[in-house]
Engineer: 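Got a structure for you, written out below as structure tokens; questions coming shortly.
As the structure is a computational prediction, the values presented were derived from the model and not from experiment. Just so it is clear: chains get the letters A, B, ... in the order the sequence lines come, proteins before strands, and each one is counted from 1.
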Amino acid sequence: MNSILECRNLEKSYDGGRTKALKGISLSLGKGRIVGLLGPNGSGKTTFIKLINGLLSPDGGELYIGGYPVGVETKQMISYLPEVTYLAKSMKVHQIISYFGDFYRDFDAGRAYEMLNRLNINPGDSLKTMSKGTKEKVQLIMVMSRNADLYVLDEPIGGVDPAARDYILSTIVSNYNPESTILLSTHLIADVEQILDDVIFIREGTIMLAEPAERLRKERGCSVDEAFREVFRC
Amino acid sequence: MLRKLLKYDFKANLFYFLLMYGVLMGIAVLARVSIAMADSRYLGFVNEYTLTLMTVAGSAVLYLLACGAVMILTLLLVAMRFYKNLMGPEGYLSFTLPVSEGAHLASKMLSGVIFLLLSSFMIFVSASVATAGLEIWDGFTLSFFRSVIHALRMDHPLVVILYLLESFATVLEVVAVIYVSVCVGQLAAKHRVLGAIGIFLAIYLVLGMVTTLGSVIFIRLLEGREGTVLYYSVTSIAAILFRGLVTAGSLAGSLLLMKRKLNLE
């Protein structure tokens, strides 16, 4: 099996079916790829990511991760970075490391301490004393310290300055297992373009395009960022 | 995994519970010391009887308020842990752990029930501290207490066991209803906490009406047998079954909402 994620005719609506967030999408993510899930705000990126992580239930269609329907087994395979800060503010960093170590058998505490040390983050510090940017870095360190099959990163560079963006992207690229897949959602295409193997354009709950980044560049004779602007022109 | 979830559920609130029990014990000791001082011969500047009465009444009121506050705060802490850990931003982590929704609910249920029982036990301990060495069991109090015990047929072991089971069923029911209220409240786009409180009150309003109706039916059915062991046993068993049903329904509702209708902030 060469794909880590398979979905067929995946549907999700809100407001009792009035707002269709995903309109029957079908796609497959290969192993060992960095995939950009690209689309404007409200295109269905976060809904798709929540479905992958079991935070929402689909209204229709099928979704498999590593051959399993979404459940306890797939949660063990996925390392998820949401848009929000999901760590309890009262916890200290070393307590968060113990927490991840307790629940995820693929968590590498040594790697987490190494990354914290490189960033001069004291493991004895409590999250509530940290700036928003530092909290996001701690969260990213926890997510990237797992040896997961699939990393799902929802807008990891959305709310940070350009210097922090570079750090986050280099952390992602240098810490993931080459056999793993990264699904990275963003609307800041220019910043992530160089690291993407595949791109998925999504608009109003429909997949507009899903292909290797290199092929897209060759076929259209432009960058992914330019292709995105062309496809999503207002 | 349940053991690990429980560990973190206990750790999250342990500090607040220890603080609360410490304050309760402090107030119990204060009440006992106040009564002892008022009873002593050193305070002669006010009419001795008035001072004793005021001190004893003041201490008793303060202590009873503290007991009430402990129970209310226990329920609030249990509800807040459930809401924050599962329905707030922390839910993004909790629900992506390789743990089933059932395990989450079981952990919250167990920790909530244990904390409620612990608070009840601490109130009992503090009451022993507040009344230590006092001669409250004089002839009149003792005979009054015995008459109440007899009237409720708590002098019969079966009735005592059923009362204890009913109390335990009540604790389970309260915790389960709190959780289902939070789960229903999170479906709203705004004012989720207010919504959860509204749902909780509405459920207890309905339960109160059903209980009243049930009591009337049982009184009719057991007419002429009031005050007997049979009467108290039958009503207790009915209450246990009813509360068990409410608990099971609330847990099933919570589980369904957590699995199918999760709506994290």
Engineer: Which atoms of T74(A) are under 4.5 Å from chain B, going by heavy atoms: the side chain, the backbone, both sets, or neither?
Structural biologist: neither
Engineer: Does any backbone or side-chain atom of Y80(A) lie under 4.5 Å from a heavy atom of chain B? Answer side chain, backbone, both or neither.
Structural biologist: side chain
Engineer: For Y14(A), is it the side chain, the backbone, both or neither that has a heavy atom under 4.5 Å from a heavy atom of chain B?
Structural biologist: neither
Engineer: Measure the spacing between OG1 of T96(B) and CG of L81(A) and express it to the nearest 0.5 Å.
Structural biologist: 10.5 Å
Engineer: Distance from S90(A) atom OG to K84(B) atom NZ, nearest 0.5 Å?
Structural biologist: 6.5 Å
Engineer: Please examine the side chains of F100(A) and L97(B), heavy atoms only from C-beta on, and report whether any two atoms are closer than 4.5 Å.
Structural biologist: no
Engineer: At a heavy-atom separation under 4.5 Å, does K259(B) approach chain A through its side chain, its backbone, both, or neither?
Structural biologist: backbone
Engineer: Look at atom NZ of K92(A) and say whether more than 12 heavy atoms of other residues, nucleotides or ligands are closer to it than 6.0 Å.
Structural biologist: no
Engineer: Do we see a donor-acceptor contact under 3.5 Å between the side chains of K50(A) and Y92(B)?
Structural biologist: yes
Engineer: Considering only heavy atoms from C-beta outward, does the side chain of L93(B) approach that of L87(A) to under 4.5 Å?
Structural biologist: yes
Engineer: Do Y8(B) and D102(A) pair up side chain to side chain, a donor and an acceptor below 3.5 Å, judged on atom types alone?
Structural biologist: yes
Engineer: Write down the atom of V72(A), the atom of S100(B), and the distance for their closest heavy-atom approach.
Structural biologist: CG2-N, 3.7 Å
Engineer: Which of residues 54-63 of chain A get closer than 4.5 angstrom to chain B, counting heavy atoms alone?
Structural biologist: L55(A), L56(A), S57(A), P58(A)
Engineer: More than 12 heavy atoms of other residues, nucleotides or ligands under 6.0 Å from CZ of F17(B): yes or no?
Structural biologist: yes
Engineer: Answer yes or no: is there a side-chain heavy-atom contact under 4.5 Å between Y86(A) and F95(B)?
Structural biologist: no
Engineer: Counting neighbours of OH on Y16(B) that are heavy atoms of other residues, nucleotides or ligands and sit closer than 6.0 Å, is the number greater than 12?
Structural biologist: no
Engineer: Using a cut-off of 6.0 Å, state whether more than 12 heavy atoms not belonging to K135(A) lie near its atom NZ.
Structural biologist: yes
Engineer: Under a 4.5 Å heavy-atom cutoff, which of E73(A), K89(A), Q76(A), K75(A) has the most pairs with chain B?
Structural biologist: K75(A)
